Amino acid sequence: MNSLSQEIAATAARMVVEEGLEYGSAKRRALKQMGLPARTALPGNDVVEAEVRDYIDVFCADSQPAELAALRQLAVVWMERLAEFRPHLSGAVWRGTATALSDIYLQLFCDDPKSAEIRLIDHQVRYEVSTVQGFQGETVDALSMVCSCPGLSQRTLVHLMIYDRDDLRGALKLDTQGRSSRGDSSALKRLIEEVK
């Protein structure tokens, strides 16, 4: 990897940790901040993630583990509440790079795409609907809620990505480094226990 790509990744990583940006938007902002053309080749997410881990080790080692634990506990709560929809955690909370500024991303695999929304309405949970790109490049609905995170004494965004039940098979493939991009509540609870 060239030094420019590494510098872009390091700048993006700082924005991910300090501002809670997602990798894509952090990389684009890094180009802008560095005065580089929009067509500049961007580093891969795995390179940015490595830089995020390095940044956390240097600047957040005293606070990040507790923040991650609090977000994972909140994710478990929502995964148990929505167990009928086969929830899987993804993103920074799953990968272990989350800070207090990170959102929680739960992927739900539903028989009926409206069933999760009906469940939230029945329990008087306020949410907003948006459309986002799914993990296979398709468009999926996202139900976003602002939830209290007791471990952080703050409010956290929880996003429920709505997938078809059959999409679960493709969701369990490993990434290029042999890691799972998501995990169910049992896998998350194992991660929580390993850190203790």
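Source: prediction; values computed, not measured.
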Take Y163 and Q136, measure what side-chain hydrogen bond (donor to acceptor under 3.5 Å, both in side chains) needs, and give me the verdict at the end. CA-CA 10 Å; Y163 291 91; Q136 295 176 339; over 6 Å; no

With side chain to side chain contact (heavy atoms under 4.5 Å, CB included) as the test, would you mind laying out the steps for V17 and C60 before giving the verdict? CA-CA 9 Å; V17 176; C60 308; 3.7 Å; yes

Applying side chain to side chain contact (heavy atoms under 4.5 Å, CB included) to L143 and H159, what does each step give before you reach the verdict? CA-CA 6 Å; L143 312 177; H159 305 282; over 6 Å; no

Between L21 and R29, does a side chain to side chain contact (heavy atoms under 4.5 Å, CB included) hold up when you go through it step by step? CA-CA 10 Å; L21 294 180; R29 268 201 40 211; 3.4 Å; yes

Under the salt bridge (Lys or Arg N to Asp or Glu O under 4.0 Å) rule, what do D167 and R86 come out as? Steps first, then yes or no, please. CA-CA 11 Å; D167 292 334; R86 297 167 275 297; over 6 Å; no

So L36 and L4, side chain to side chain contact (heavy atoms under 4.5 Å, CB included) or not? Walk me through it. CA-CA 10 Å; L36 298 170; L4 179 60; 3.7 Å; yes

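Residues P37 and T40 share a closest heavy-atom pair of O-OG1, 2.6 Å. Scanning both residues, L68 and A92, for their nearest heavy atoms gives CD1-O, 4.3 Å. The two atoms that bring V125 and Y127 nearest to each other are O-CD2, 3.3 Å, heavy atoms only. Summarising the geometry of D184 relative to M79, their closest heavy-atom pair is C-CE, 3.4 Å, with the distance given to 0.1 Å. In plain terms, the two heavy atoms of R81 and R119 that are nearest each other are O-NH2, 2.8 Å. The two atoms that bring S90 and S181 nearest to each other are CB-O, 3.6 Å, heavy atoms only.
The CD atom of E138 sits 10.0 Å away from atom CG of D164, with the distance rounded to the nearest 0.5 Å. Distance check: I56 CD1 to E51 CD gives 11.5 Å after rounding to the nearest 0.5 Å. Taken to the nearest 0.5 Å, the SG atom of C110 stands 12.0 Å off from the CG atom of D166. Going from atom CG of L108 over to atom CD1 of I162 covers 4.5 Å, rounded to the nearest 0.5 Å. For the atom pair R95 CZ and S102 OG, the distance stands at 13.5 Å (nearest 0.5 Å). Summarising the geometry, atom CZ belonging to F85 is positioned 12.0 Å from atom CZ belonging to R165; distances are rounded to the nearest 0.5 Å.
For the pair Y23 and V52, the minimum side-chain heavy-atom distance is below 4.5 Å. Side-chain contact between T139 and Q133 is absent, with no heavy-atom pair separated by less than 4.5 Å. Looking at K189 and R72, their side chains never come closer than 4.5 Å, going by heavy atoms from C-beta outward. Considering only heavy atoms from C-beta on, V158 stays 4.5 Å or farther from D103 through its side chain. Between V140 and T131 there is no side-chain heavy-atom pair separated by less than 4.5 Å. Taking 4.5 Å as the limit, some side-chain heavy atom of E117 sits within range of a side-chain heavy atom of V129.
Note: H88 and F109 have perpendicular aromatic rings, judged against thresholds of 30 and 60 degrees for the angle between ring planes.
Looking at Q64 and Y55, their side chains never bring a donor and an acceptor atom within 3.5 Å of each other.
A salt bridge does not link R190 to E194: none of the charged nitrogens lies less than 4.0 Å from a carboxylate oxygen.
Both tests hold for R182 against F135: distance to the six-membered ring centre under 6.0 Å, angle to the ring axis within 45°.
Checking side-chain atoms of R28 against main-chain N and O of G24 turns up a donor-acceptor pair under 3.5 Å. In this structure, the side chain of T11 engages the main chain of E7 through a donor-acceptor pair within 3.5 Å. The backbone N or O of P43 lies less than 3.5 Å from a partner atom in the side chain of K27, making a donor-acceptor pair. Of the possible donor and acceptor atoms, one in the side chain of E67 sits under 3.5 Å from a partner among the backbone N and O of A100.
L188 and L152 fall within a single hydrophobic cluster, where Ile, Leu, Val, Met, Phe, Trp and Tyr are joined by side-chain heavy atoms under 4.5 Å apart, directly or via other members. Hydrophobic clustering (ILVMFWY, side-chain heavy atoms < 4.5 Å, transitive): L74 and L101 are in distinct clusters. Clustering ILVMFWY residues whenever any of their side-chain heavy atoms sit less than 4.5 angstrom apart, transitively, puts F59 in the very cluster that holds V16. In the hydrophobic clustering of this structure, I121 groups with L160; members are Ile, Leu, Val, Met, Phe, Trp, Tyr whose side-chain heavy atoms approach within less than 4.5 Å, directly or through other members.
The only option from V76, L82, V77 that meets the side chain to side chain contact (heavy atoms under 4.5 Å, CB included) definition with E80 turns out to be V76. For the side chain to side chain contact (heavy atoms under 4.5 Å, CB included) with W94, the qualifying choice from I104, L71, L106, L89 is L89, the only one to do so.
Residue E128 qualifies as open at atom CD: its count of foreign heavy atoms under 6.0 Å is 12 or below.
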